[in-house]
Amino acid sequence: MKQDFSELRLDRVTRRFAGVGGKAFNALDELTITIKRGEFIALLGPSGCGKSTALNCIAGLLPLSGGTIQLDDLRIDTLPPESRGFGMVFQNYALFPHMSVERNIGFGLRMRGVSAAETTMRVANALKLVQLTGQEHKLPGQLSGGQQQRVAIARAIVIEPPLVLMDEPLSNLDAKLRIETRAEIRRIHHELGRATIYVTHDQDEALSLADRIVVMKDGVVQQIDRPQQIYAQPANLHVARFMGYRNVIEMDVEGATGDCVELRDRGIRLSGVAMQAPPGARAMVAMRPEEIVVGEGPQGRNTLAVRVETVEYGGRDSLVGVVTATGARLFLRTAQSAAPGDALSIHVPAERALVYAPTPA
Amino acid sequence: MNTQTSALARAPFDRTLLLAAPATLFMVALFIYPFLYGLWLSFEPAKGDWLANYHKFFTADNLWPTIWTTLKLALPATLINVGIALPIAFRMRVKSRYQRLITTVLVVPITLGTVLIADGMLTYFGPKGWLAHLLELLPFYEGPIRLTHNYWGVLISLVISGFPFAFLLILSYITGIDPVLARAASTLGASPAAQFRHIYLPLLAPGLAMCFCLAFVQAYSVFPSAVLLGAPAGPTRVISLAAYEAAFEQYDYSLASAIAMIMGFVQLIIVAIVLGLRGLFYRGPVVGGKG
Ligand SMILES: Nc1ncnc2c1ncn2[C@@H]1O[C@H](COP(=O)(O)OP(=O)(O)O)[C@@H](O)[C@H]1O
Ligand SMILES: [Mg+2]
């Protein structure tokens with residue numbers, strides 16, 4: 001079992017399952033990524049896209065159907081989980097219900113034959129790291145969800161694994177605790193200085209925690225990039241939709257100069273930036289509700305006349321649903337007051353209207 | 001304050017309690033009343049003082065040793081049943097294609113009943129049975145082995161009839177343990193053996209104790225196979241046989257009741273010991289966190 005490493009290489013890691021009717025499908029399809037020491041990687045995607053499958057393959061809990069995993073020059077995909085020695089935090093914590101907090105955290109050290117004195121010391125340090133000192137003699141059943149979560153984290157990191165794997169660790173916590181624990185996970189990652197692979201379906205979590213995000217859909221990687229890139233420059237329409245580009249309309253392509261694409265649908269015209277290879281006759285334009293503003297654009301460009309349909313009050317701003325003259329429905333966020341039936345002019349900066357090749361929704 | 005508490009104390013009668021009435025009546029009619037009647041009967045001997053039956057039991061050479069005779073059958077049979085059922089049930093814990101098949105095969109004896117098992121064993125294990133014929137083919141086989149009409153016959157029958165019960169019970173305990181716990185243990189460096197020892201075994205211990213008690217009580221009241229497959233005059237003269245003789249051969253119901261009471265008491269002691277040991281283990285939910 002390695003304690004330290006410089007990089008973990010996943011090469012076309014694939015996992016097949018027998019689906020309904022016995023037809024096999026790839027729950028994870030050729031995942032290739034190299035993870036460096038110290039990196040925080042988030043696997044992001046909707047439920048069922050193969051995130052847990054990927055994590056379990058790395059941990060050794062699921063055998064691969066194809067591909068290899070290497071830790072530096074050691075091939076590990078053939079090793080059982082107990083010889084890989086990666087720390088794993090499970091979605092439902094998976095604390096041993098019959099062991100005290102202290103024994104839960106010390107379990108991995110005892111399995112490694114670490115002396116009793118050293119175990120006590122390292123468990124005490126881990127307890128301090130997750131701020132649970134004083135709870136060591138309680139059983140997991142006597143802890144709150146957030147405390148159980150932190151025991152699970154302490155148990156995974158006390159063995160000082162080269163890699164910490166976390167499977168939606170915050171999904172069972174309430175909103176406030178989720179934000180607090182998020183910051184804590186980031187801090188622990190830094191203190192440990194190893195690599196973390198973090199599975200989540202929550203884009204905010206991925207954006208705020210990760211150095212790099214792997215966006216997945218149906219087992220296939222869609223984009224691997226820094227959070228800023230994923231947020232502002234989604235590689236395809238799936239990623240865009242998932243990252244909150246809620247307004248997607250299909251339009252005719254009128255012309256393109258460089259990255260700039262002119263679009264038109266009957267009466268309305270828009271210009272945007274091409275995110276994919278030059279579009280054909282039709283294209284999809286994607287816009288965030290936050291980036292559409294009320295008012296006219298410079299020289300009236302990229303401006304649409306719309307009628308307000310719905311207003312959803314959200315405190316700082318409202319989510320306003322509008323419909324264009326051509327019948328397309330759009331959403332925008334605005335602090336201005338609006339009422340159903342109002343006529344508005346809205347505009348979107350050309351660089352924030354992203355143009356993709358048309359794909360089925 | 002005062003009126004409040006008294007109002008609480010005089011809370012309206014909870015009518016749902018009435019739902020328990022049929023079950024309570026049933027218990028009283030079928031269990032508590034016969035038990036108390038037997039207890040009373042055991043202190044009303046045909047002759048002698050009120051303890052005469054108990055005195056007789058513990059002095060007569062053909063009565064008190066039946067306690068040990070029965071224990072010598074019931075304890076090993078229970079240990080074997082629980083001991084074999086545990087590893088097999090453990091192997092069966094994950095759903096596989098063969099799980100259903102094997103479970104069905106293992107459970108068949110439960111549907112047969114002791115008499116049918118005894119009958120089958122007499123033809124299979126008997127001195128002229130298939131097993132004897134098979135063994136004769138072996139070069140080193142020396143004399144006829146005897147597996148019927150003795151201690152071994154009864155023990156084997158107790159294992160055959162008691163095993164499915166122990167297996168099913170343990171299987172249900174094992175499948176109740178969240179497999180993610182073992183997976184968590186494996187990521188922490190626990191080999192399969194260590195996962196069994198540190199995760200499954202401690203979580204199963206209370207269930208195993210319970211299973212042991214139930215299997216033991218079942219085996220301790222062995223009767224048909226002791227007669228049909230055993231040597232009822234000697235090595236398998238079990239306690240229920242002594243009670244049967246007292247009741248239906250000597251027509252001494254009072255003595256029979258006393259024997260039944262003693263039998264119950266011995267079972268109670270063993271069960272109390274095992275359940276007492278069970279208290280040493282963790283007994284709580286066997287899943288690893290809030291779902
Ligand atoms: N053991 C399994 N057998 C068959 N299909 C499975 C199994 N585990 C997961 N799947 C399927 O693989 C896909 C990906 O699952 P999973 O990795 O758990 O998704 P996620 O964690 O992203 O929600 C899903 O369609 C799921 O139904
Ligand atoms: Mg999952």
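Just so we're clear, the structure is a prediction, and the values are computed from it rather than from any experiment. All chains are named by letter (A, B, ...) in the order of the sequence lines, taking the proteins before the strands, and each is independently numbered beginning at 1.
A search for side-chain contact (heavy atoms from CB on, under 4.5 Å) contacts involving A:Ala156 returns A:Val89, not counting sequence neighbours. Looking at residues two or more places apart in sequence or on another chain, you find no salt bridge (Lys or Arg N to Asp or Glu O under 4.0 Å) involving A:Lys23.
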A:Asp77 vs A:Thr68, test: side-chain hydrogen bond (donor to acceptor under 3.5 Å, both in side chains). Steps then yes/no. CA-CA 6 Å; A:Asp77 54 89; A:Thr68 57; 4.9 Å; no

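Of the listed residues (B:Pro192, B:Ser191, B:Ala184), the one with the most heavy-atom contacts under 4.5 Å to chain A is B:Ala184.
Contact annotation for residues 198-215 of chain B against chain A (heavy-atom separation below 4.5 Å, listed by residue number): B:His198, B:Ile199, B:Pro202, B:Leu203.
Contacts between A:Leu139 and chain B at a heavy-atom distance below 4.5 Å involve the side chain alone, from C-beta outward. Looking at B:Ala194, the atoms closer than 4.5 Å to chain A (heavy atoms on both sides) all sit in the side chain, from C-beta outward.
By the 6.0 Å and 45° rule, A:Arg110 does not stack over the aromatic ring of A:Phe107.
No donor-acceptor pair closer than 3.5 Å links the side chain of A:Thr181 to the backbone N or O of A:Arg178.
Between A:Phe96 and A:His98, the ring planes are tilted. Angles from 30° to 60° get that label.
Legend: salt bridge (charged side-chain N to carboxylate O under 4.0 Å, His left out) pairs involving residues 186-202 of chain B, not counting sequence neighbours: none detected.
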